[in-house]
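Here is the structure we will look at, set down as structure tokens.
Quantities reported herein were computed from a predicted structural model and do not represent experimental measurements. Lettering follows sequence order; numbering is per chain, from 1.
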Protein chains: 2
Amino acid sequence: MCAVPRVSDEHLAARRQQILDAARRCFLRNGFHATSMQDVISEAGLSVGAVYRYFSSKHELVTSIAQSVLDGADDLFADLATAEPPLPLVEALDRALQFVEAQTGPDGVFPLAVQVWAESLRDPALADFVARLYSGFRARFVVLARRAQQAGELPADADPEAVGAVLFGLVPGFVLQRVLAAGPDPKTYLDGVRALLASHGVEK
Amino acid sequence: MCAVPRVSDEHLAARRQQILDAARRCFLRNGFHATSMQDVISEAGLSVGAVYRYFSSKHELVTSIAQSVLDGADDLFADLATAEPPLPLVEALDRALQFVEAQTGPDGVFPLAVQVWAESLRDPALADFVARLYSGFRARFVVLARRAQQAGELPADADPEAVGAVLFGLVPGFVLQRVLAAGPDPKTYLDGVRALLASHGVEK
DNA sequence: CATTGTAAAACGAACGCTCGTTCTTGACTG
DNA sequence: CAGTCAAGAACGAGCGTTCGTTTTACAATG
């Protein structure tokens with residue numbers, strides 16, 4: 001009741017974001033575990049008490065960053081799956097690779113995403129979040145495959161679920177090589193995909 | 001005088017392996033960072049001093065496990081690339097997926113590999129090791145692609161480097177879905193690949 | 001074959017330090 | 001002056017590692 005000495009909501013939100021930004025920089029630089037709360041606090045230019053007002057624990061901070069890292073890619077994938085007219089597979093992949101390529105550098109989300117993957121193996125809540133999200137991603141690619149099939153780009157008896165999984169898998173396959181093993185650039189990778197698509201039928 | 005008290009080399013090697021096994025279990029259960037030396041020591045049923053006789057630091061233990069996790073896959077990939085007669089691409093992928101599938105469970109190497117990936121982003125020495133090894137893996141798939149091309153399985157103007165990168169990328173693409181997002185089984189995934197290979201030419 | 005000398009191997013208490021978190025304090029706001 | 005917010009000292013737990021000591025294994029000895 002009564003006296004309500006308040007700071008504007010924007011101020012509170014800005015403070016929170018200030019902490020999140022600092023945490024992201026620290027986590028990117030040193031990883032979740034090697035980053036101490038003191039690191040984040042110093043990076044944010046705040047005090048211990050201030051940070052603990054906005055986040056009740058380090059774990060909450062890690063979780064917040066992890067979720068923000070993974071969110072946002074879905075927008076792109078949604079576009080790929082719903083574009084009119086339906087995108088040819090190679091073009092859809094081209095866009096996806098260009099998008100993720102921009103996130104493979106030290107300022108992109110993928111170095112953090114790799115850490116999230118590792119973390120999710122030991123944090124069931126995070127694992128659930130990741131599984132849900134990535135299954136959603138895959139579903140986008142399944143839609144993409146189904147529409148490509150309707151457009152005659154795939155054999156009539158192809159399983160869109162299977163093709164979608166492969167298409168989706170091409171993305172982390174590209175990213176991992178890029179981040180860990182100096183993989184080829186998106187254009188070269190795409191050329192490889194094209195060559196496979198143009199391959200001669202196969203079957204043993 | 002001249003006492004030469006010795007313990008057999010096998011004993012020493014066995015002790016070392018005993019520690020490595022314990023460390024692997026701990027790291028798999030809790031991750032590199034959340035595992036304390038005390039955890040490893042208790043798991044191994046040894047004393048602090050004993051463990052530090054064999055490994056001079058926690059970091060050395062982590063590095064040893066990380067390297068052992070990544071080693072060994074190359075044998076399989078080498079076989080794929082050098083088999084006579086040259087393997088059809090789908091069959092080679094089939095073998096690769098079956099091999100990695102066996103390693104995706106909680107007792108396989110992949111949950112640990114994901115941690116190694118994360119760790120390598122912040123440990124230059126490990127990053128170098130990983131990059132070298134994975135580039136080697138990719139090279140195997142490039143050979144595979146080149147031979148498939150010679151067998152007429154790929155267009156004559158295809159770039160084996162690009163195709164090899166894509167083929168290699170299919171593997172982690174599969175693994176990540178399997179480990180993080182309840183991805184499809186190897187057979188379904190392979191069906192997807194087959195459908196793509198049988199696709200209708202494409203180009204815009 | 002018992003005894004002894006000795007170095008390797010194992011032990012585990014203790015150390016210094018950093019961690020994540022809590023608590024006390026005071027300044028500032030409405 | 002009531003109440004919020006930030007500051008930062010303080011805390012206990014747990015970390016990785018060190019190190020002085022004890023135990024073990026075994027060749028040399030008598």
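One atom, CZ of A:Arg16, and another, P of D:dC5, lie 14 Å apart when rounded to the nearest Å. Rounded to a whole Å, the CG atom of B:Leu46 is 13 Å from the C1' atom of C:dG12. Regarding B:Arg53, its CZ atom lies at a distance of 18 Å from the C1' atom of D:dG16, rounded to whole Å. Following rounding to the nearest Å, B:His33 (NE2) and C:dC19 (P) show an atom-to-atom distance of 13 Å. When rounded to the nearest whole Å, the span between CG of B:Leu12 and C1' of D:dA25 equals 12 Å. Rounded to whole Å, atom P of D:dA6 lies 10 Å from atom CD of A:Gln18. Here C:dA8 presents its P atom at 17 Å from CZ of B:Arg15, a figure rounded to the nearest Å.
The side chain to side chain donor-acceptor pair (under 3.5 Å) check on B:Arg146 picks up nothing, with sequence neighbours excluded. Partners of B:Asp191 according to the salt bridge (Lys or Arg N to Asp or Glu O under 4.0 Å) rule, which considers only residues two or more places apart in sequence or in another chain, are B:Lys187, B:Arg194.
Around atom CD of B:Glu101, more than 12 heavy atoms belonging to other residues, nucleotides or ligands sit under 6.0 Å away.
An OP1 or OP2 oxygen of D:dA6 is reached within less than 4.0 angstrom by no side-chain nitrogen or oxygen of A:Ser47. One finds a side-chain N or O of A:Ser36 lying less than 4.0 angstrom from the OP1 or OP2 phosphate oxygen of C:dC19.
Using a 4.0 Å heavy-atom cutoff across all strands shown, B:Phe55 reaches no nucleic acid atom at all.
Between A:Lys58 and A:His33 the shortest heavy-atom distance is NZ-O, 3.8 Å.
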N/O to N/O distances under 3.5 Å, protein versus nucleotides 21-25 of chain C:
residue, atom, partner, partner atom, Å
C:dT21, OP2, A:Tyr52, OH, 2.7
C:dT21, OP2, A:Lys58, N, 2.8
C:dT21, O5', A:Tyr52, OH, 3.4

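With salt bridges taken as basic N to acidic carboxylate O contacts below 4.0 Å, none links B:Arg25 and B:Asp21.
Looking at A:Gln115, its side chain does come within 3.5 Å of a backbone N or O of A:Phe32 through a donor-acceptor pair.
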